[in-house]
J.: 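Below is one structure. I have some questions about it.
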Amino acid sequence: RAIEEAVPIYRRLAQAQPTAFEPDLARSLNTLSNRLSDSGDRVGALRAIEEAVAIYRQLAQAQPAAFEPDLARSLNTLSNQLSNSGDRVGASRAIEEAVAIYRRLAQTQPTAFEPDLAFSLNTLSNRLSNSGDRVGALRAIEEAVAIRRRLAQGQPAAFEPDLALRLNNLSV
């Protein structure tokens, strides 16, 4: 209920002052998508995340450094919602775009974006596996494991749990 109340408020504020409130609207729509998905409303969850992605696309075009990470994060959520709705092709396209953005960001800021890249590569592996591309799925999860392994060497407490999870996914 709280996020369902927040979204219309941000919608009104963003209409009056887009620059100030569109990022908050998109963030709230992303949260709304997750809550609707948790409650079983796949159609509503998909609608909310599609709107969030559209807003973040516009924001990222104008200010890539500020909003590409948010766009990539929302594309990851979009991939999940599309997958939940049975749209495997759309789910794969969304996560491939997220991976491409995170690759670019990780090249210039590895500390900040390699964890997100590894997470998205894991999602990509799942999408490729679901579509029958086992070779592609294996490549994606191997890359995710390599990133997590490297991160875990530097900060074991922070990254070993996720490394273990990715190794489990690699085994599968």
Side-chain angles (χ1 to χ4, degrees), residues 1-127 130 140 143-144 147-148 151 155 158-159 161-162 165:
R1 281 188 225 143
I3 194 61
E4 288 175 336
E5 184 178 349
V7 167
I9 293 169
Y10 278 130
R11 213 181 281 290
R12 277 193 312 276
L13 292 169
Q15 285 175 346
Q17 298 177 50
T19 305
F21 292 105
E22 279 184 342
D24 296 319
L25 173 59
R27 193 172 307 108
S28 293
L29 286 163
N30 199 347
T31 301
L32 176 62
S33 177
N34 289 323
R35 296 299 76 78
L36 291 171
S37 180
D38 291 344
S39 68
D41 182 356
R42 290 181 178 173
V43 173
L46 185 56
R47 251 194 324 262
I49 195 59
E50 286 174 335
E51 185 179 353
V53 166
I55 293 168
Y56 278 132
R57 260 189 219 292
Q58 290 176 342
L59 293 169
Q61 284 177 349
Q63 298 177 51
F67 293 108
E68 275 192 329
D70 295 316
L71 173 59
R73 201 170 4 270
S74 291
L75 285 164
N76 208 325
T77 302
L78 176 61
S79 177
N80 291 333
Q81 302 305 1
L82 288 168
S83 180
N84 290 341
S85 298
D87 182 354
R88 288 183 177 176
V89 173
S92 291
R93 268 196 309 260
I95 196 60
E96 286 169 0
E97 185 179 354
V99 166
I101 292 168
Y102 280 133
R103 266 191 214 292
R104 224 177 23 257
L105 294 170
Q107 285 177 349
T108 57
Q109 298 177 57
T111 304
F113 294 110
E114 279 189 335
D116 296 319
L117 174 58
F119 182 82
S120 291
L121 284 164
N122 185 77
T123 303
L124 175 60
S125 177
N126 292 335
R127 298 296 169 263
N130 290 342
E143 185 179 354
I147 292 168
R148 289 297 182 185
L151 293 170
Q155 296 180 356
F159 293 109
D162 200 58
L165 178 62

J.: To check you understand the geometry: which heavy-atom pair defines the closest contact between Pro23 and Thr19, and what is its length?
T.: CD-O, 3.9 Å

J.: Do Asp87 and Val89 come close enough that some side-chain heavy atom pair is under 4.5 Å?
T.: yes

J.: Which atom names give the shortest non-hydrogen contact between Ala45 and Ser33, and what distance separates them?
T.: O-OG, 2.8 Å

J.: Do Leu151 and Gln155 make a side-chain contact, defined as non-hydrogen atoms from C-beta onward lying under 4.5 Å apart?
T.: no

J.: Return the minimal non-hydrogen interatomic distance between Ala72 and Ala98, and the atom names on each side.
T.: O-CB, 3.6 Å

J.: With side chains defined as the heavy atoms from C-beta onward, is the minimum distance between Phe119 and Asn122 less than 4.5 Å?
T.: no

J.: Taking the side chain as C-beta and beyond, is there a heavy-atom pair between Leu36 and Leu46 under 4.5 Å?
T.: no

J.: Between Leu82 and Ala94, which heavy-atom pair has the shortest distance, and what is it?
T.: CD1-CB, 4.4 Å

J.: Return the set of residues passing salt bridge (Lys or Arg N to Asp or Glu O under 4.0 Å) with Asp24 (not counting sequence neighbours), or none when no residue passes.
T.: Arg27

J.: Out of curiosity, Tyr56 OH to Glu22 CD, how far, rounded to the nearest 0.5 Å?
T.: 11.0 Å

J.: Would you say that Arg127 contacts Asn80 through its side chain, given a criterion of any heavy-atom pair below 4.5 Å between the two side chains?
T.: yes

J.: Is any side-chain heavy atom of Gln81 closer than 4.5 Å to one of Ser37?
T.: yes

J.: Would the distance check show the side chain of Arg42 and the main-chain N or O of Asn84 forming a donor-acceptor pair, the cut-off being under 3.5 Å?
T.: yes

J.: Return the CD1 to CZ distance between Ile147 and Phe159, rounded to the nearest 0.5 Å.
T.: 11.0 Å

J.: Backbone N or O of Leu105 within a donor-acceptor pair of the Thr108 side chain at under 3.5 Å?
T.: yes

J.: Out of the candidates Ile101, Val99, Leu75, only one should pair with Ser120 under the side-chain contact (heavy atoms from CB on, under 4.5 Å) rule; please name it.
T.: Val99

J.: When you check the side-chain N and O atoms of Arg35 and Asn30, is any donor under 3.5 Å from an acceptor?
T.: no

J.: With sequence neighbours excluded, give me every side-chain hydrogen bond (donor to acceptor under 3.5 Å, both in side chains) pair touching residues 2-14.
T.: Arg11-Glu51

J.: Looking at CG of Asn34 and CD1 of Ile49, how far apart are the two atoms once the value is rounded to the nearest 0.5 Å?
T.: 7.0 Å

